Q: 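My structure is below; once you've seen it, I'll send some questions.
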Amino acid sequence: MDQEEQDSRYRRLRARVARLTDPVALSTESRLVRRLDMLLIVWGVLGVLLGDEPAFAAERPLLVDVPLAGFILVFLIRLWVLPDQLGHEMKAAAATRLDWLCSSRGLVDFLGAWAIPAALLCGLPAEDADLFGVLWVFKLARYSQGLSVLWRVIQIEAEPLAGVLFAFMVTLVCAAVLAHLLERTAQPAAFGTVAMSLWWTITTLTTTGYGDVTPVTTAGRMLAGLVMMSGIVVFALWAGILATGFSQEMRRRAFLRTWDLVARVPFFHAVGATVIAAVAQRLRAREVCAGSVVVRKGDAGDCMFFIVEGGVEVHLPDASPRLGNGTFFGEMALISGAPRSATVIATRTTQLLILDIADFRDLAVRYPELSQAIHEEAQNRRHCPTAEGEQQDAEA
Ligand code: CMP
């Protein structure tokens, strides 16, 4: 085997591993790799939590060392395939790797892999070094959409949140001064200075209420009632702002995700950004696994499907044409109003986009070119069932 062939084999292997470990790839294999990574993280975090329990002392290698070895391996693999995944053509591989290492994600992976070995090398006892495993919990952040949404919401809603925080601080300071004035004679040990009465004000305003310090004068108790109510209002405002921002951000992300899927369907390539935006608002994403019946012959048709990635088989009396990426099905029942003409079954894990009948009709009125293309395809299928199927098969 000459050098060139060896190089090309090496590049092919690296590209394949890059695809497998791509954090956004939709293939079944890369999803499996992500699930295994998640499992490893949960395993590691549980290991750190249970590792110093006397009952699990003998299991330490299994609880901590195995996930640690996994994280080191994952880190090295990620570093290796990074130039293929990020694909900065103008940048050298080393620069791409350095950029990634300086990113929050790279840093978490780096520390997750090397903090414990470094602590052990520095002479820390194993049970103390293992505590660095707590860093593994940050790896979960990449799989939690909720965390990144929360961070984004805090950024977007920073102004109203800061406004409520300001109101909280003003109430806190005023209440602390008032409590000091009203209670200092009766309870000098707890309210003797403004700083001392701050402790009572904070526990009351946050509605924690330890009860270690309580006002004893009538005026002091009236103040306590006001502080408690202000606390509830402040936290209700915070929760309201966050909840509204959260739901807006989730809707925005769902729209962007659908947009991304729609843009991958070749059928929509010709129609332009405006139509894609209109369609993306109406499509729902759904994933089905191999063998799922997506459409059953004879059922009433209330939606049609676009295949983003995957494949389905249409079960007709004389043939079983296959449809692949970028094609659609389920349109005939919507056009004719008749029951479903065939059963359609997914041949592998398939990412679909669903268009409901009401939206189909609405889009047909607004974008006749879209509707015409769908009608023409339905016509072809009605007249020439097998030929069309063979063509789709070849494409898939
Ligand atoms: P519908 O009748 O709503 O439900 C079954 C679907 O199978 C149908 O819409 C078409 O989308 C699809 N279908 C029917 N016949 C063919 C064919 N010959 N080739 C490809 N797809 C077909």
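Counting starts at 1 for both ligands and their atoms, following the listed order. If you're wondering where the values come from, they're calculated on a predicted model, not measured in any experiment.
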Q: Can you list the ligand 1 atoms lying under 4.0 Å from a non-hydrogen atom of V295?
A: 4 (O), 5 (C)
Q: Per the side chain to side chain donor-acceptor pair (under 3.5 Å) rule, which among R284, R282, R361 passes with D356?
A: R284
Q: Between K139 and D37 (salt bridge meaning N to carboxylate O under 4.0 Å), is one present in this structure?
A: no
Q: Which atoms of ligand 1 sit under 4.0 Å from any heavy atom of A333?
A: 1 (P), 2 (O), 3 (O)
Q: With R340, which residues qualify under salt bridge (Lys or Arg N to Asp or Glu O under 4.0 Å), at least two apart?
A: none
Q: Have a look at ligand 1 and work out which part of V344, if any, has a heavy atom under 4.0 Å from it: side chain, backbone, both or neither.
A: side chain
Q: Please determine if L316 has a nitrogen or oxygen closer than 3.5 Å to a nitrogen or oxygen of ligand 1.
A: no
Q: Scan for ring pair (Phe, Tyr, Trp, His ring centres under 6.0 Å) pairs involving residues 191-225, sequence neighbours excluded, and state none if there are none.
A: F191-W200, W199-Y210
Q: Which atoms of ligand 1 are found less than 4.0 Å from any heavy atom of F329?
A: 11 (O)
Q: Using a strict 4.0 Å cut-off to heavy atoms of P321, name the atoms of ligand 1 that fall inside it.
A: 19 (N)
Q: Any luck finding a side-chain donor-acceptor pair between S292 and R286 under 3.5 Å?
A: no
Q: Please report whether ligand 1 has a polar contact with V314, defined as an N or O pair separated by less than 3.5 Å (distance criterion only).
A: no
Q: Can you tell which of R382, M304, R381, R340 gets a heavy atom nearest to atom 3 (O) of ligand 1?
A: R340
Q: Please work out, at 4.0 Å between heavy atoms, whether the side chain, the backbone, both, or neither of E331 comes within that distance of ligand 1.
A: both
Q: Once rounded to the nearest 0.5 Å, what's the spacing between atom CD of Q248 and atom CZ of R152?
A: 12.0 Å
Q: Between F75 and W114, how do the two ring planes meet: parallel, tilted or perpendicular, split at 30° and 60°?
A: perpendicular
Q: State the atoms of ligand 1, each with its element, that fall below the 4.0 Å cut-off from a heavy-atom position in A342.
A: 5 (C)
